[in-house]
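The structure appears right after this line, and notes come after that.
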Amino acid sequence: MVKRRIEGSRAIVTGASSGIGRALAVELARAGAKLVVTARREDRLATLAEQIRAEGGAVATVVGDVTDPVVRQRLVDTARESYGGLDLLVNNAGVGAMGRFKDATADRLRTIMEVNFFAPAELTRLALPLLREGTGSMIVNISSILGLRGVPYNSEYCAAKFAVQGLSESLRTELIRDGIDVLVVSPGTTETEFFDKVIEKTASPAWPEHKPVSAEVVAQQTVRAIRRGRHAIIPYRWGKVFHWLQRLSPSLVDRLMTRYA
Ligand code: NDP
């Protein structure tokens with residue numbers, strides 16, 4: 001069943017200072033990957049690096065904003081200089097916003113698209129030459145269940161995550177002959193700092209509460225999917241139900257969503 005060996009592979013993980021990215025970095029390092037981790041919070045990255053090294057792993061840190069082209073170039077350069085190449089690119093850094101589209105500014109849409117879509121797209125473009133030379137190379141894009149179904153009060157975030165899904169599908173077919181695979185992870189509600197870090201919250205829908213999963217569970221399922229060469233996973237039971245309902249009857253989901261708009 002194992003298609004890809006993680007041991008000895010060289011990986012970049014964005015958004016590694018907290019939540020899913022941090023848990024993924026720890027899981028990948030435990031599985032024997034050599035890491036380049038990045039985020040803006042230097043202290044958080046330093047603590048992560050300490051933990052990984054204490055467990056015998058290899059890690060280099062790049063502090064900065066993933067929307068900055070200079071930072072993205074440093075990530076690729078660091079993988080080449082530290083490990084001689086790259087086999088796994090994990091585009092995980094992301095941020096949300098909540099409220100009606102009509103009440104939001106153009107800046108909110110632009111920021112959400114910059115962090116969640118343009119940054120991973122351009123980091124992918126920069127990393128392609130190294131990934132092409134890698135072994136069992138894979139791009140792992142952390143999208144969202146909201147990249148499979150639009151919901152009210154999250155229009156910019158949904159648009160950005162749908163864009164990630166489309167880019168990933170296109171690249172999977174384009175890159176197959178270069179030996180580069182693409183996995184899209186679409187988490188549902190996950191217990192992280194995400195909801196405290198939204199760039200704006202003017203209103204939020206009164207969804208029924210569903211128990212969140214931990215970042216560790218998402219990370220473990222993602223690592224298993226990388227190993228098995230999966231192309232898409234939804235590491236959340238309610239997310240799977242939601243997705244199937246959407247495929248079965250989009251108009252029914254429209255009616256359900258309208259109740260919360
Ligand atoms: P967190 O807020 O815990 O983590 C987000 C990470 O992204 C942090 O490490 C943060 O680091 C980094 N980040 C955000 N903006 C930037 C930026 N401009 N430049 C560099 N790094 C940045 O949230 P999650 O772990 O939940 O989010 C990880 C991914 O999972 C995101 O793509 C999110 O959309 C997705 N997701 C999350 C869900 C959830 O319920 N939590 C559900 C579905 C998808 P720092 O602030 O230090 O820069």
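Ligands are counted one by one from 1 in listed order, and the atoms in each one are counted from 1 as well.
- For atom 19 (N) of ligand 1, the nearest non-hydrogen atom from the set Val66, Leu24, Val218 comes from Val66.
- Taking every heavy atom of Phe195 and a limit of under 4.0 angstrom, the matching atoms of ligand 1 come to 40 (O).
- Of the charged side-chain nitrogens involved, at least one lies within less than 4.0 Å of a carboxylate oxygen, so that Asp254 and Arg149 count as a salt-bridged pair.
- Here the heavy atom of the protein found nearest to atom 48 (O) of ligand 1 is Arg40 NE, 2.6 Å.
- Ligand 1 places these atoms under 4.0 Å from at least one heavy atom of Gly64: 20 (C).
- Proximity to Thr189 (heavy-atom distance under 4.0 Å) selects the following atoms of ligand 1: 40 (O).
- In this structure, the protein non-hydrogen atom closest to atom 26 (O) of ligand 1 is Thr192 OG1, 2.6 Å.
- Of all atoms in ligand 1, numbered sequentially from 1 with element shown, those under 4.0 Å from a heavy atom of Ala16 are 9 (O).
- Ion pairing of Glu193 with Arg41 is present here, as a side-chain N (NZ or NE/NH1/NH2) and a carboxylate O approach within less than 4.0 Å.
- Short contacts between ligand 1 and Gly19, defined as distances under 4.0 Å to a heavy atom of the residue, involve ligand atoms 3 (O), 25 (O).
- Heavy-atom contacts from other residues, nucleotides or ligands closer than 6.0 Å to NZ of Lys201 number 12 or fewer.
- Residues Thr202 and Asp103 bring no donor and acceptor atom of their side chains to less than 3.5 Å of each other.
- Of the candidates Ser144, Ser143, Gly94, the one placing a heavy atom closest to atom 35 (C) of ligand 1 is Ser143.
- Close approach of ligand 1 to Tyr157 (heavy-atom distance below 4.0 Å) involves ligand atoms 33 (C), 34 (O), 35 (C), 36 (N), 43 (C), 44 (C).
- Residue contact check: Gly188 has heavy atoms under 4.0 Å from atoms 38 (C), 39 (C), 40 (O), 42 (C), 43 (C) of ligand 1.
- The nearest protein atom to atom 32 (O) of ligand 1, hydrogens excluded, is given as Asn92 O, 2.7 Å; this is a heavy-atom distance.
- For ligand 1, the polar-atom distance check finds no N/O of Lys197 at less than 3.5 Å from any of the ligand's N/O atoms.
- Shown here for Asp181 and His231, the closest heavy-atom pair between the two residues is OD1-NE2, 2.9 Å.
- Between Trp207 and Tyr260, the ring planes are tilted. Angles from 30° to 60° get that label.
- A salt bridge links Arg125 to Glu122: at least one charged side-chain nitrogen sits closer than 4.0 Å to a carboxylate oxygen.
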